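Quick caveat: nothing in here was measured; it's all calculated off a predicted structure. Note that ligands are numbered from 1 as they come in the structure, with each ligand's atoms numbered from 1 the same way. Atom set for the values below is all heavy atoms of this structure, side chains included, hydrogens, waters and symmetry mates excluded.
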Amino acid sequence: MLIRKPSDIPSSEITSESSYKDFLSRRRFLRTAISGAAAAGGAVLGADRVADLLSPGTTALADATKLQTVKSPLSTTGEQLTSFEDITHYNNYYEFGVQKSDPAKNAGVLPTRPWTVKVDGLVKQPKTFDIDALLKLRPLEDRVYRHRCVEAWSMVIPWVGYSLSEFIKQCDPLPSAKYVQFLSYYDKKVEKWTDESSIFWPYSEGLRMDEAMHPLTLLTFGLYGQVLPNQDGAPVRIVVPWKYGFKSAKSIVTVRFVEKMPETTWYQQNPREYGFYSNVNPNHDHPRWSQKTERRIGQPFYAQRRTTLMFNGYAEQVASLYNGMNLDRNY
Ligand SMILES: Nc1nc2c(c(=O)[nH]1)N[C@H]1C(S)=C(S)[C@@H](COP(=O)(O)O)O[C@H]1N2
Ligand SMILES: [Mo]
């Protein structure tokens with residue numbers, strides 16, 4: 001984020017013809033998959049039914065990357081989705097390089113199985129969850145969210161997951177837990193690009209407990225109805241749609257419940273530029289650029305510039321979390 005501004009990125013980096021064709025064929029496949037799911041009732045499937053569909057060896061899993069999902073009332077409507085191609089080739093994942101096109105090229109080396117998520121800190125008892133158990137914990141929902149990067153670009157992404165609160169309930173945090181910290185996978189032998197930036201590793205992010213428990217905060221396993229591509233944070237990440245993208249840690253290996261505000265990567269890097277809260281706020285500019293507008297990736301040039309909305313357009317749902325707080329000081 002410190003290295004390149006959105007305006008520095010030539011559009012030639014964003015699409016290429018062969019990957020576009022690839023995307024088209026994938027989209028055709030996805031459309032079939034999604035309409036199939038809709039024909040199956042569009043109703044909410046019971047957890048056991050979903051678990052059944054997800055268990056390996058069933059015919060429902062003809063394509064190992066496909067996820068069975070249900071609709072969610074928390075999905076944002078009326079927005080044109082950003083293409084699968086853009087969502088998977090314009091990434092910030094500094095463990096795999098600092099250029100937007102790097103993670104798509106390099107993140108293939110991330111070993112996503114076996115994978116466990118360790119839960120520790122202020123909990124009744126530390127636990128370790130296997131990723132495949134996490135996938136079956138709750139029905140997976142399609143959740144379309146706006147995604148606003150602190151660099152003033154945005155996308156609209158159809159994520160797949162369930163509310164983080166459902167997972168936190170399984171963790172039995174103690175009443176003394178006021179914050180939750182997320183740590184990303186870090187292995188310098190695998191992620192050979194970590195010296196390209198001066199940020200500290202592992203990537204660390206955190207939320208206040210009430211933010212983490214908010215139903216919009218998503219424990220995310222997929223996008224466009226399939227498992228997360230590695231460059232988007234496989235096999236499991238957080239998505240917090242009313243905050244700048246960097247709050248949404250990728251490839252999570254540890255969830256830690258703590259009493260004090262945790263040390264987080266970008267806050268530690270530059271607290272004046274990246275606050276702990278990092279709520280999308282058009283009234284609080286980044287010291288080096290305006291946050292009043294954003295560039296919607298993949299839109300025709302004339303339609304790219306948009307007004308940035310308070311809380312990224314989720315004010316109705318989340319503003320009450322910050323009652324009485326000065327959001328210009330607590331940025
Ligand atoms: N571990 C890790 N998580 C991360 C990042 C990162 O570099 N490393 N980048 C963040 C930033 S700045 C953004 S905008 C989003 C990007 O998510 P996406 O590539 O899936 O759009 O991931 C966030 N999570
Ligand atoms: Mo970002």
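Under a 3.5 Å cut-off, the side chain of S251 and the backbone N or O of A234 do form a donor-acceptor pair.
Taking a 6.0 Å sphere around CZ of R113, one finds it holds more than 12 heavy atoms contributed by other residues, nucleotides or ligands.
Looking at Y90 next to ligand 1, no N or O pair under 3.5 Å apart turns up. Between S184 and ligand 1, an N or O atom pair is found at a separation short of 3.5 Å.
Looking at M155 against ligand 1, nothing comes within 4.0 Å, counting heavy atoms. Using a 4.0 Å cut-off between heavy atoms, F246 contacts ligand 1 through both its backbone and its side chain. For S248, every heavy-atom contact with ligand 1 shorter than 4.0 Å involves the backbone, none the side chain. Contacts between E205 and ligand 1 below 4.0 angstrom, taking non-hydrogen atoms only, are absent altogether. In R237, the part holding a heavy atom less than 4.0 Å from any atom of ligand 1 is the side chain.
If you number the atoms of ligand 1 from 1 as listed, the ones under 4.0 Å from a heavy atom of C149 come out as 14 (S). Close contacts of ligand 1 with E95, meaning ligand atoms under 4.0 Å from a residue heavy atom, involve 1 (N), 2 (C), 6 (C), 7 (O), 8 (N).
Looking at heavy atoms from C-beta onward, T76 lies in side-chain contact with R146 at the 4.5 angstrom threshold. Counting heavy atoms from C-beta outward, N92 and C149 have side chains that approach closer than 4.5 Å.
When W153, W159, Y185, Y203 are ranked by how near their heavy atoms come to atom 10 (C) of ligand 1, first place goes to Y203.
Of the charged side-chain nitrogens involved, none lies within less than 4.0 Å of a carboxylate oxygen, so that R306 and E294 do not count as a salt-bridged pair. Between K292 and D285, at least one side-chain nitrogen of the basic residue sits less than 4.0 Å from a carboxylate oxygen of the acidic one, meeting the salt-bridge criterion.
Considering all non-hydrogen atoms of both residues, D130 and W115 come closest at OD1-O, 3.5 Å.
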